[in-house]
Amino acid sequence: MPAARNPAVHLTVGTHQRAIPLPADITPIREALTSPDPARAAITALLVFHAPRAAEIRTLTLTDLRDLDQGRLHLPGRTVLLAEPVRERLTAYLAHRHKTWPRTANPHLFLTTRSAATTTPVSPPWLYRKYPSSSHLLRNDRIVNEAQSTGDARMICELFGLPAATPAPTPMPTPPNHRRRRRRRLQIRLRTETA
């Protein structure tokens, strides 16, 4: 007996598109911020307060924190003034890093037992396991929160490293000699079609 076929298998059903992302669940974020794992607490604090991209967190180096005592984090193309909870968690993580891997030559901020023996950053799966939620969700939540409180598009672009929206370029007017050529081609085409 042949298997039953689903007659609706090829039907497509639309999904409801939300214009504003839903807010992130606060409970796992609070748990991650107070985690006994200093890496998890530091990564969560960075994401929740300053919303850098996952690739930026993975590739952070110790020199990017050269002004930690002044509360600055240097990211590609911008400098971020760190919130006090982020500074505390990064300081705690740096103490943990130095205690765990005192002789490592790896310049990256976040390390694992595997990456401490090399000069490569941590793997994306390791970093994703440290998040209390999706990094995109947390980043979007932070950007939307800032947009709702300030409404200044330029400041938001600078704060989160977003490209500034530029107006579409105006088309160049066609030079007169090109117009004549186009008109001439059209006249020739009309003559051949009517003949």
E56 and R78 ion-paired at < 4.0 Å: yes
Do the side chains of K130 and D37 get close enough for a salt bridge, i.e. N-O under 4.0 angstrom? yes
Contact summary for [X] and [Y], nearest pair of heavy atoms:
{"X": "L75", "Y": "P52", "answer": "CD1-CB, 4.2 Å"}
{"X": "T112", "Y": "W101", "answer": "C-CZ2, 3.7 Å"}
{"X": "H108", "Y": "R97", "answer": "O-NH2, 2.8 Å"}
{"X": "A39", "Y": "F110", "answer": "O-CE2, 4.2 Å"}
{"X": "A41", "Y": "R89", "answer": "O-CD, 3.5 Å"}
{"X": "A42", "Y": "L90", "answer": "CB-CD2, 4.0 Å"}

For the side chain of [X] and the backbone of [Y], is there at least one donor-acceptor N/O pair under 3.5 Å apart?
{"X": "T104", "Y": "A116", "result": "yes"}
{"X": "R72", "Y": "T79", "result": "no"}
{"X": "H50", "Y": "A83", "result": "yes"}
{"X": "N106", "Y": "T120", "result": "yes"}

If you measure from [atom1] on [X] to [atom2] on [Y], what distance do you get to the nearest 0.5 Å?
{"X": "H98", "Y": "Y93", "atom1": "NE2", "atom2": "OH", "value": "13.0 Å"}
{"X": "L94", "Y": "L109", "atom1": "CG", "atom2": "CG", "value": "5.5 Å"}
{"X": "I57", "Y": "L127", "atom1": "CD1", "atom2": "CG", "value": "6.0 Å"}
{"X": "I43", "Y": "Y128", "atom1": "CD1", "atom2": "OH", "value": "11.5 Å"}
{"X": "T44", "Y": "R30", "atom1": "OG1", "atom2": "CZ", "value": "14.0 Å"}
{"X": "L82", "Y": "L46", "atom1": "CG", "atom2": "CG", "value": "7.0 Å"}

Is it true that the side chains of S115 and T118 contain a donor and an acceptor less than 3.5 Å apart? no
What pairs with R66 under side chain to side chain contact (heavy atoms under 4.5 Å, CB included), at least two apart in sequence or on another chain?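 Applying side chain to side chain contact (heavy atoms under 4.5 Å, CB included) to R66 gives T63, H74.
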Determine, step by step, whether L73 and D64 satisfy the side chain to side chain contact (heavy atoms under 4.5 Å, CB included) criterion, reporting the C-alpha distance in whole Å, the side-chain angles of both residues, the deciding distance to 0.1 Å, and the verdict. CA-CA 6 Å; L73 171 66; D64 295 333; 4.2 Å; yes
L62, CG: over 12 other non-hydrogen atoms inside 6.0 angstrom: yes
